[in-house]
Student: 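Got a structure here, written out as structure tokens. Questions coming.
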Amino acid sequence: MTWFNAWLERLYQTFIVADRYSVLIDGFKNTLIITFGAFLIGLFIGTVVAMIKVFADGNPKLKILDVLCNIYITVIRGTPVVVQLLIFFFIIFVSAKNGIPVAILTFGINSGAYLAETIRSGIMAIDKGQTEAGRSLGLSRMQTMTQIILPQAIKNILPAIGNEAIALLKETSVAGYVAVVDLTKAGNQIKNTTYDNINPILLIALVYLALVMIMSWLLGILERRLRKSDRR
């Protein structure tokens, strides 16, 4: 048991002394804030872009918006999120003193490009008869989209949206590049302070793993409930 006692002592020296665990708690909170905020922004942007691209199909009046959306998707998906983060923090928002809002916006814009294509594919998969039925009831094209088509599309692509949320959570681990003390950055600070190269890294990995497992579990519950509602 000597090695076990030595390991416990090492954990105490790494995380408890000088209240270093509080850095991890703050980093954990920042990670959740960035992930949740960015996901909401990404879902909004993705939905708007997807709807523009669907409405622009066969409508010359929306051609310019369609081109702009294609440029946005191409640029965002074609460049690393770390580079985007550096551009936003050190070039666009060079005067920003707090990196968290910048990180939320950057990751949200990045996520929106991927969600746009996911949502668009979900919309296109809905039978055209649904649109015709909505229009026959006197609904406008926008009302038909928001009240009939989009809810069905979101339900069908929910697993893909959930996977994007999980990927977004893991992508936020690079937020430390812009002076944001997220979970990964907090663990790295403790590692550099204590010269413990094992325990902080392993703890961070376990926390991320636990978060992903919780998100997957919640997503599974939501999917089962939606399937039950379809049978009724």
Side-chain angles (χ1 to χ4, degrees), residues 34-89 91-93 101-172 174 215 219 222-223 226-227 229-230:
I34 294 172
T35 302
F36 184 72
F39 181 72
L40 291 180
I41 293 175
L43 188 60
F44 174 77
I45 294 176
T47 302
V48 172
V49 171
M51 291 174 62
I52 290 175
K53 290 183 66 64
V54 171
F55 285 144
D57 187 19
N59 188 347
K61 295 181 180 179
L62 297 177
K63 183 64 176 178
I64 296 178
L65 289 178
D66 185 42
V67 171
L68 292 175
C69 288
N70 288 333
I71 293 174
Y72 158 70
I73 292 173
T74 301
V75 171
I76 295 300
R77 296 178 66 173
T79 54
V81 67
V82 176
V83 176
Q84 296 168 18
L85 191 62
L86 295 176
I87 290 173
F88 271 83
F89 188 78
I91 299 177
I92 299 178
F93 298 105
V102 178
I104 292 174
L105 181 62
T106 304
F107 287 115
I109 292 175
N110 179 271
S111 181
Y114 293 92
L115 286 173
E117 288 298 287
T118 300
I119 296 173
R120 186 182 70 85
S121 63
I123 292 174
M124 299 302 293
I126 302 298
D127 189 89
K128 292 183 178 180
Q130 297 285 334
T131 301
E132 296 172 356
R135 298 303 299 273
S136 66
L137 292 173
L139 299 176
S140 66
R141 193 176 182 187
M142 178 62 72
Q143 289 174 326
T144 302
M145 174 63 70
T146 57
Q147 298 179 23
I148 297 178
I149 305 301
L150 197 56
Q152 295 182 67
I154 294 296
K155 184 183 295 186
N156 292 338
I157 61 176
L158 184 62
I161 293 177
N163 289 335
E164 173 58 28
I166 291 174
L168 178 61
L169 168 67
K170 292 184 287 186
E171 286 176 352
T172 60
V174 300
M215 292 175 67
L219 182 62
L222 183 57
E223 288 180 20
L226 290 175
R227 284 198 297 267
S229 65
D230 288 339

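Residues: numbered from 1 along the sequence shown.
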Student: I'd like to check Asn70 versus Lys53 (side-chain heavy atoms, cut-off strictly below 4.5 Å). Are they in contact?
Tutor: yes
Student: Does Tyr72 use its side chain to pair, donor to acceptor, with the backbone of Ile109 at less than 3.5 Å?
Tutor: yes
Student: Between Thr172 and Phe107, what is the shortest heavy-atom contact and its length?
Tutor: CA-CZ, 3.7 Å
Student: For Asp66 versus Ala56, what's the shortest heavy-atom pair and its separation?
Tutor: CB-CB, 3.6 Å
Student: Taking it one step at a time, do Thr146 and Met51 satisfy side-chain contact (heavy atoms from CB on, under 4.5 Å)?
Tutor: CA-CA 9 Å; Thr146 57; Met51 291 174 62; 4.0 Å; yes
Student: Is a side-chain donor or acceptor of Gln152 paired with a backbone partner of Ile148 at a separation under 3.5 angstrom?
Tutor: yes
Student: Got a second to check how far Gln147's CD is from Ser140's OG, nearest 0.5 Å?
Tutor: 8.0 Å
Student: Between Phe55 and Met142, what is the shortest heavy-atom contact and its length?
Tutor: CE1-CE, 3.6 Å
Student: Quick one: OG1 on Thr47 to CD1 on Ile119, what's the gap to the nearest 0.5 Å?
Tutor: 3.5 Å
Student: Is it the case that Thr106 and Gln84 place a side-chain donor and acceptor less than 3.5 Å from each other?
Tutor: no
Student: Does any N or O in the side chain of Ser121 come within less than 3.5 Å of the main-chain N or O of Thr118, such that one atom is a donor and the other an acceptor?
Tutor: yes
Student: What's the separation between atom NZ in Lys170 and atom OG1 in Thr35, rounded to the nearest 0.5 Å?
Tutor: 12.0 Å
Student: In this structure, which one of Ile157, Asn156, Leu150 forms a side chain to side chain contact (heavy atoms under 4.5 Å, CB included) with Ile123?
Tutor: Leu150
Student: In Å, rounded to the nearest 0.5 Å, how long is the span from NZ of Lys128 to CD1 of Ile149?
Tutor: 11.5 Å
Student: Taking the side chain from Thr79 and the backbone from Val75, do they hold a donor-acceptor pair closer than 3.5 Å?
Tutor: yes
Student: If every non-hydrogen atom of Gly108 is compared with every non-hydrogen atom of Ile45, which pair is closest and at what distance?
Tutor: O-CD1, 4.3 Å
Student: So do Ile104 and Leu40 actually touch side chain to side chain, heavy atoms under 4.5 Å?
Tutor: no
Student: What is the distance from atom CD1 of Ile64 to atom CG of Leu68, rounded to the nearest 0.5 Å?
Tutor: 7.5 Å
Student: Check Met145 against Pro151 and note the closest heavy-atom contact, atom names and distance.
Tutor: O-CD, 4.0 Å
Student: So do Phe39 and Ile161 actually touch side chain to side chain, heavy atoms under 4.5 Å?
Tutor: yes
Student: Consider side chain to side chain contact (heavy atoms under 4.5 Å, CB included). Of Ile41, Leu168, Val81, Leu115, which one does Asn110 pass it with?
Tutor: Val81
Student: Which atom names give the shortest non-hydrogen contact between Ile73 and Ala116, and what distance separates them?
Tutor: CD1-CB, 4.2 Å
Student: Could you pull out all residues at least two apart from Glu223 that satisfy side-chain hydrogen bond (donor to acceptor under 3.5 Å, both in side chains)?
Tutor: none
